[in-house]
Structures are given as C-alpha cells and as structure tokens.
**Student:** 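There's a structure below that I have some questions on.
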Amino acid sequence: MPVQMDRERFEELVGDALDAVPAQLLELLNNVVILVEDDPPPDDPDLLGVYEGYALTSRGWDYSGVLPDRIIIYRNPILSICDDEATVVEEVSVTVVHEIAHHFGIDDDRLHALGWG
C-alpha cells in the first residue's frame with residue numbers, strides 16, 4: 001500500500017535531502033530552483049524527478065539571461081513505490097542527488113553505475 005503523506009511533510013523531506021548534500025556541491029549549483037509537484041506529466045506517470053535546463057558542462061560563453069534550471073521532485077510517484085516513511089526518506093534522497101547530478105552533467109548510465117539510479 002502506498003504511503004500517505006501530505007505535501008508539507010514531503011517538502012520537509014526534500015529539504016532534509018538537500019541539507020544532506022555536501023555544502024561544497026550546493027554552492028556550485030548555479031541558476032537552479034528545486035520544486036515539488038504532486039504528479040509528473042501524463043506521458044511519464046512513473047517519473048520520480050526531472051532536471052530541466054542546461055547542465056554546467058553544456059553552458060558556454062553565451063549562457064546568460066536565461067530562466068533558472070528546474071529540478072522537480074514528484075510526490076505521488078515516490079509515495080506510490082514506498083511502503084513506509086523510511087523508504088520515502090531514502091527514495092527522496094536518491095532522487096534529489098540524482099537530479100542534482102544531472103546539473104553537473106552526469107548522465108543516467110553513470111548514475112546507475114554509481115548506485116544513484
């Protein structure tokens with residue numbers, strides 16, 4: 001049975017996951033906003049999180065005047081795959097790190113090889 005958790009508590013867990021990321025890495029996040037949404041796009045209902053924007057490795061001299069990149073963590077798909085709050089905490093942490101890694105140009109294959117898939 002999926003875990004029941006209100007949005008406020010889920011957002012706290014996302015904040016806790018961000019607090020666990022080393023400060024040196026968070027300082028390198030450049031022009032990124034981190035959001036929580038309830039559901040992913042209808043064409044990808046199992047999506048747990050997404051990074052939308054230009055990875056640091058793709059930014060060139062002409063990168064300026066753009067809207068912030070977005071990391072979106074999707075609440076309902078994460079809750080649907082978890083059996084208890086401890087599992088939600090772990091999944092949120094993995095998803096946050098996974099999406100931050102995309103900002104640094106690390107692709108899914110490498111993340112899976114590192115155990116952050």
Side-chain angles (χ1 to χ4, degrees):
M1 175 172 225
V3 174
Q4 300 296 313
M5 180 180 295
D6 65 27
R7 186 180 178 106
E8 183 178 345
R9 176 66 181 137
F10 189 85
E11 288 176 353
E12 287 176 16
L13 296 181
V14 172
D16 292 346
L18 287 167
D19 289 344
V21 174
Q24 301 92 322
L25 283 179
L26 289 180
E27 290 171 8
L28 296 173
L29 288 179
N30 185 339
N31 200 29
V32 178
V33 63
I34 300 170
L35 307 167
V36 171
E37 292 186 7
D38 287 335
D39 296 301
D43 62 329
D44 201 355
D46 298 325
L47 190 63
L48 304 181
V50 67
Y51 171 76
E52 297 174 340
Y54 300 95
L56 290 178
T57 55
S58 300
R59 296 179 183 182
W61 63 269
D62 58 345
Y63 179 82
S64 66
V66 298
L67 292 173
D69 293 357
R70 298 178 350 147
I71 291 174
I72 305 171
I73 308 300
Y74 295 110
R75 184 173 70 95
N76 288 330
I78 290 176
L79 295 179
S80 73
I81 63 170
C82 296
D83 295 323
D84 55 33
E85 186 164 321
T87 310
V88 175
V89 169
E90 178 65 23
E91 192 57 55
V92 166
S93 180
V94 168
T95 303
V96 166
V97 168
H98 183 104
E99 301 310 330
I100 288 173
H102 286 317
H103 177 69
F104 292 105
I106 302 172
D107 65 20
D108 281 331
D109 290 338
R110 181 68 178 139
L111 285 167
H112 285 279
L114 293 170
W116 292 97

**Student:** Would you check if the side chain of Ser80 reaches a backbone N or O of Pro77 as a donor-acceptor pair within less than 3.5 Å?
**Tutor:** yes

**Student:** Calculate, to the nearest 0.5 Å, the distance between atoms CD1 and CG belonging to Ile78 and Asp38 respectively.
**Tutor:** 11.5 Å

**Student:** Do Asp69 and Ile71 pass the side-chain contact (heavy atoms from CB on, under 4.5 Å) test, and can you show the C-alpha distance, the side-chain angles, and the key distance before you say yes or no?
**Tutor:** CA-CA 7 Å; Asp69 293 357; Ile71 291 174; over 6 Å; no

**Student:** Applying the 4.5 Å side-chain criterion to the ILVMFWY set and letting contacts propagate, would Tyr74 and Val96 be lumped into a single cluster?
**Tutor:** no

**Student:** Do you know the tightest heavy-atom contact between Thr57 and Gly105?
**Tutor:** OG1-CA, 3.5 Å

**Student:** Find the distance between CD1 (Ile106) and CG (Leu56) and round it off to the nearest 0.5 Å.
**Tutor:** 10.5 Å

**Student:** Are Ile72 and Ile34 joined in one hydrophobic group, where the rule is that I, L, V, M, F, W and Y side chains link up if heavy atoms are under 4.5 Å apart?
**Tutor:** no

**Student:** Please round to the nearest 0.5 Å and tell me the distance separating atom CG of Leu79 and atom CG of Asp6.
**Tutor:** 10.0 Å

**Student:** Please give the remaining members of the hydrophobic cluster of Val66, linking ILVMFWY side chains under 4.5 Å, ordered by chain and number.
**Tutor:** Tyr54, Tyr63

**Student:** List the residues meeting ring-ring contact (aromatic ring centres under 6.0 Å, His included) with Tyr51, not counting sequence neighbours, and say none if there are none.
**Tutor:** His103

**Student:** Would a hydrophobic clustering, with Ile, Leu, Val, Met, Phe, Trp and Tyr connected at side-chain separations under 4.5 Å, put Leu35 with Val32?
**Tutor:** no

**Student:** Would you check, one step at a time, whether the test side-chain contact (heavy atoms from CB on, under 4.5 Å) holds for Val21 with Ile100?
**Tutor:** CA-CA 9 Å; Val21 174; Ile100 288 173; 4.1 Å; yes

**Student:** Transitively linked via ILVMFWY side-chain contacts under 4.5 Å: Leu47 with Val36?
**Tutor:** no

**Student:** Sort and list the pairs that fulfil side-chain hydrogen bond (donor to acceptor under 3.5 Å, both in side chains) and have at least one residue in residues 9-20, not counting sequence neighbours.
**Tutor:** Arg7-Glu11, Arg9-Glu12, Arg9-Glu85

**Student:** Quick one: CD on Glu99 to NE2 on His102, what's the gap to the nearest 0.5 Å?
**Tutor:** 4.5 Å

**Student:** Going by the rule side chain to side chain donor-acceptor pair (under 3.5 Å), which residues pair with Asp107 if we only count those two or more places apart in sequence or in a different chain?
**Tutor:** none

**Student:** Please name the pair of heavy atoms, one in Val89 and one in Leu13, separated by the smallest distance, quoted to 0.1 Å.
**Tutor:** CG2-CD2, 3.7 Å

**Student:** Looking only at heavy atoms, which two atoms of Cys82 and Glu91 are closest? And how far apart?
**Tutor:** SG-CB, 4.0 Å

**Student:** Going through the distances and angles, do Asn76 and Asp39 end up as a side chain to side chain donor-acceptor pair (under 3.5 Å)?
**Tutor:** CA-CA 6 Å; Asn76 288 330; Asp39 296 301; 2.9 Å; yes

**Student:** Looking at side-chain heavy atoms only, is the closest gap between Leu26 and Leu29 below 4.5 Å?
**Tutor:** yes

**Student:** Compare all side-chain heavy atoms of Asp44 with those of Val50 and state whether any distance is below 4.5 angstrom.
**Tutor:** no

**Student:** Is the backbone of Met5 close enough, under 3.5 Å, to the side chain of Arg75 for a donor and an acceptor to pair up by distance?
**Tutor:** yes

**Student:** Give every residue pair that meets the salt bridge (charged side-chain N to carboxylate O under 4.0 Å, His left out) criterion with at least one member in residues 45-55, sequence neighbours excluded.
**Tutor:** Glu52-Arg70

**Student:** Give me each pair satisfying ring pair (Phe, Tyr, Trp, His ring centres under 6.0 Å) with a member in residues 4-35, each pair once, sequence neighbours excluded.
**Tutor:** none

**Student:** Can you name the nearest heavy-atom pair linking Leu28 to Phe104, along with the distance?
**Tutor:** CB-CE2, 3.7 Å

**Student:** Between Asn30 and Arg59, is the side-chain contact (heavy atoms from CB on, under 4.5 Å) condition met? List the steps.
**Tutor:** CA-CA 11 Å; Asn30 185 339; Arg59 296 179 183 182; 3.6 Å; yes

**Student:** Just one of Val88, Val92, Val94 clears the side chain to side chain contact (heavy atoms under 4.5 Å, CB included) bar with Glu90, so which one?
**Tutor:** Val94

**Student:** Show the nearest heavy-atom pair for residues Ala17 and Ser93, with the distance to one decimal.
**Tutor:** CB-CA, 3.8 Å

